[in-house]
Amino acid sequence: MAAALIATNVMAINERKAYPGGPCHLYRLQLKDKAGSPYKLSKPEEFLSMKSLERRRRQGLSLDSTDLPLSPRYLNALRERGLHIVSQSKWNNTVVVVLPQPDDLGTLAEIPFVTGVTHLFSAPDTVEVSKRDDLMEQSLEKLPVDSREQLTMLNLQRLHEAGYRGRGMTIAVLDGGFMNVDRIPLLSNVRVVAHRDCVYPPSPDFFGELDHGTEVLSTIAMNRPDTMVGTAPEAQFILIRTEDGRSESLAEEDFWAAAVEFADSIGADVLNSSLGYHHFDRSLGDHPYRELDGRTSICSRSASLLASKGMVLVASAGNEGLGTWKKINVPGDADNILTVGAVNAQRINTGFSSVGPSADGRVKPDVMAMGYHSAVVSGKGTLTTANGTSFSSPITCGAVACLWQSLPKLTAFQIIDLVRSAGDRYDYPDNVFGYGIPDYWKALEKGRSE
């Protein structure tokens with residue numbers, strides 16, 4: 001689910017309609033291997049962009065079998081059986097297929113090269129259908145919203161003043177929808193270089209879905225000095241939809257895994273994920289706490305690989321602190337990422353911010369940033385405030401991009417360690433604040449001295 005359950009803006013509900021495409025059932029198939037693949041690690045340019053390869057080369061990272069595309073032989077065999085493939089993950093060697101009827105007889109498990117089958121989703125009878133919010137006029141001279149605290153809390157304004165505002169960095173934003181990003185005047189100078197819908201069925205209007213991603217993007221990308229400045233206003237952005245607002249299903253983790261691989265393939269440097277999972281509709285695939293180990297859920301497995309591919313993932317911790325669950329969600333349990341909790345302007349943790357540790361005892365969250373009354377741009381195009389770790393995460397994501405711009409020779413692993421080490425609780429981390437609130441100027445100075 002989108003982590004900011006208590007955000008101020010929500011999608012407009014039109015009416016209830018039958019699920020798009022009619023009845024469907026999604027299954028994840030675990031493939032045996034990648035036999036018969038024509039792709040070779042010696043020719044990576046056939047399946048990765050030059051930007052992606054250069055990012056690996058710069059960090060001294062080699063490719064491995066997870067980078068190879070899935071076996072075309074197996075994919076063709078599935079299609080010949082009449083199966084429609086709606087999602088793929090080469091890192092996990094899995095595909096998601098859709099069936100009009102449930103696989104009651106286990107026919108999928110009988111396919112020779114399939115080693116496991118997981119039921120992900122069954123379409124509900126009806127769903128709530130959203131429509132685009134209309135843009136609203138407002139006087140920008142009388143806005144009560146002040147975004148400066150989001151930067152000064154992290155001492156990020158010093159990096160901006162030194163010229164590090166994210167230029168040259170590519171940030172992928174994974175979310176549930178980017179309503180009106182293509183129309184909002186306040187976002188007209190944001191550099192969106194690509195977008196993709198990884199959800200099945202895909203939306204007929206990519207920029208007509210939830211506005212949660214619009215708000216998230218604005219905290220990083222806004223570049224209106226007289227109105228609001230995001231944490232990396234000169235970066236370029238890839239927008240990826242992975243969340244289906246009509247339901248909550250395990251399939252969204254597969255869409256998420258496909259999304260990070262797409263982001264990798266076209267050269268993203270930093271990723272933001274203001275999404276998190278542990279409970280699903282009808283409890284199909286729920287994650288108990290023992291599974292929050294960074295390697296059980298498919299999206300956490302993928303997340304834990306990102307630094308080894310040369311990317312930094314910044315993920316929201318979740319807003320479960322006041323509920324019965326309380327803990328972080330997946331993929332916030334992943335290893336070698338930055339999981340972010342929320343504080344208010346007084347640097348006090350918010351009650352809703354999810355806590356750690358991970359099931360295997362690692363410190364979570366990793367760091368904190370402002371997630372209470374965060375300044376955002378809504379899907380209506382207005383400047384407002386919102387609450388949730390959904391916003392402390394992208395605020396951090398932009399800061400990470402600026403830091404990496406200032407220290408381009410560092411690896412993803414080194415950047416993650418540097419951010420943690422700049423936290424105000426680095427010497428005594430806990431499972432509420434993690435390593436605390438980082439000082440990014442301190443991180444820059446430390447990175448230069450090492």
Side-chain angles (χ1 to χ4, degrees), residues 7-9 135-173 178-193 207 211 213-239 269-270 272 274 314 343-345 369-387 390-407 437-444:
T8 56
N9 294 292
L135 299 183
M136 295 180 63
E137 297 290 336
Q138 68 173 302
S139 171
L140 298 180
E141 297 176 356
K142 299 179 180 180
L143 292 173
V145 177
D146 186 352
S147 65
R148 289 174 294 182
E149 182 62 35
Q150 295 168 198
L151 277 68
T152 58
M153 178 181 290
L154 305 176
N155 208 7
L156 184 61
Q157 79 285 354
R158 295 193 64 178
L159 272 75
H160 284 192
E161 291 165 359
Y164 303 117
R165 297 163 57 88
R167 182 173 295 274
M169 304 299 293
T170 300
I171 299 174
V173 181
F178 301 90
M179 183 181 288
N180 290 329
V181 165
D182 59 336
R183 298 181 183 179
I184 294 172
L186 285 173
L187 300 177
S188 62
N189 61 353
V190 174
R191 299 179 62 206
V192 177
V193 296
F207 292 105
D211 77 341
T214 308
E215 296 176 342
V216 166
L217 174 67
S218 69
T219 67
I220 317 173
M222 264 288 283
N223 195 11
R224 303 287 180 181
D226 295 333
T227 306
M228 174 182 170
V229 175
T231 48
E234 294 182 2
Q236 62 183 20
F237 296 89
I238 303 166
L239 309 182
D269 301 298
V270 187
N272 182 78
S274 291
V314 184
V343 296
N344 62 19
M370 190 163 168
Y372 183 75
H373 286 185
S374 303
V376 302
V377 176
S378 75
K380 291 180 178 291
T382 60
L383 194 63
T384 184
T385 60
N387 301 332
S390 277
F391 309 110
S392 57
S393 177
I395 287 169
T396 298
C397 178
V400 169
C402 295
L403 178 64
W404 210 352
Q405 177 196 2
S406 72
L407 300 166
I437 302 171
D439 180 325
Y440 284 85
W441 185 256
K442 176 181 176 181
L444 183 153

Counting C-beta onward and ignoring hydrogens, is there a side-chain heavy-atom pair between L135 and P185 closer than 4.5 Å? yes

Could you walk me through whether V193 and I238 pass the side chain to side chain contact (heavy atoms under 4.5 Å, CB included) check? CA-CA 6 Å; V193 296; I238 303 166; 4.1 Å; yes

Donor-acceptor check, side chain of N180 to backbone of G379, threshold 3.5 angstrom: yes or no? yes

Between V216 and V173, does a side chain to side chain contact (heavy atoms under 4.5 Å, CB included) hold up when you go through it step by step? CA-CA 8 Å; V216 166; V173 181; 4.0 Å; yes

Looking only at heavy atoms, which two atoms of P394 and S390 are closest? And how far apart? CD-O, 2.6 Å

Looking at every non-hydrogen atom in both residues, tell me the closest pair between M153 and A369 and how far apart they are. SD-C, 4.4 Å

Counting C-beta onward and ignoring hydrogens, is there a side-chain heavy-atom pair between L187 and M222 closer than 4.5 Å? yes

In Å and rounded to the nearest 0.5 Å, what is the CD1 to OG distance from I220 to S393? 8.0 Å

I184 side chain reached by M179 side chain, heavy atoms, under 4.5 Å: no

Measuring from Q405:CD to E234:CD, what's the distance to the nearest 0.5 Å? 7.5 Å

In this structure, which one of N272, V377, I395 forms a side chain to side chain contact (heavy atoms under 4.5 Å, CB included) with T219? I395

Check: P233 and H160 side chains under 4.5 Å, non-hydrogen atoms: yes

Interatomic distance, Y440 atom OH to L151 atom CG [nearest 0.5 angstrom]: 11.0 Å

Is there a donor-acceptor pair under 3.5 Å between the side chain of N223 and the backbone N or O of N189? no

Answer yes or no: is there a side-chain heavy-atom contact under 4.5 Å between S188 and R224? yes

Who pairs with F207 by ring pair (Phe, Tyr, Trp, His ring centres under 6.0 Å), at least two apart in sequence or on another chain? H195

Taking atom types as modelled and ignoring hydrogens, do the side chains of S378 and D211 form a donor-acceptor contact shorter than 3.5 angstrom? no

Under the side chain to side chain donor-acceptor pair (under 3.5 Å) test, which residues partner R191, sequence neighbours left out? Q236

For residues L186 and M228, determine if any side-chain heavy atom of one lies less than 4.5 Å from a side-chain heavy atom of the other. no

Taking every heavy atom of A232 against every heavy atom of F237, the minimum-distance pair comes out as O-CZ, 3.8 Å

The test is side chain to side chain contact (heavy atoms under 4.5 Å, CB included); show your working for L444 and R158 and say whether it passes. CA-CA 10 Å; L444 183 153; R158 295 193 64 178; over 6 Å; no

Which atom of W404 lies closest to which atom of D269, heavy atoms considered: CZ3-O, 3.4 Å

First locate atom CG of L403, then atom CH2 of W441, and finally report the distance between them rounded to the nearest 0.5 Å. 11.0 Å

So, do T385 and Y372 sit near enough that their side-chain heavy atoms are less than 4.5 Å apart? no

Quick check for you: to the nearest 0.5 Å, what is the distance between I171 atom CD1 and C397 atom SG? 4.5 Å

Please tell me if the side chains of Q157 and N155 come closer than 4.5 Å, counting only heavy atoms from C-beta onward. yes

Ignoring hydrogens and geometry, is there a side-chain-to-backbone donor-acceptor pair from Q150 to G230 under 3.5 Å? no

Rounded to the nearest 0.5 angstrom, the OG1-CE distance for T231 and M370 is 13.0 Å

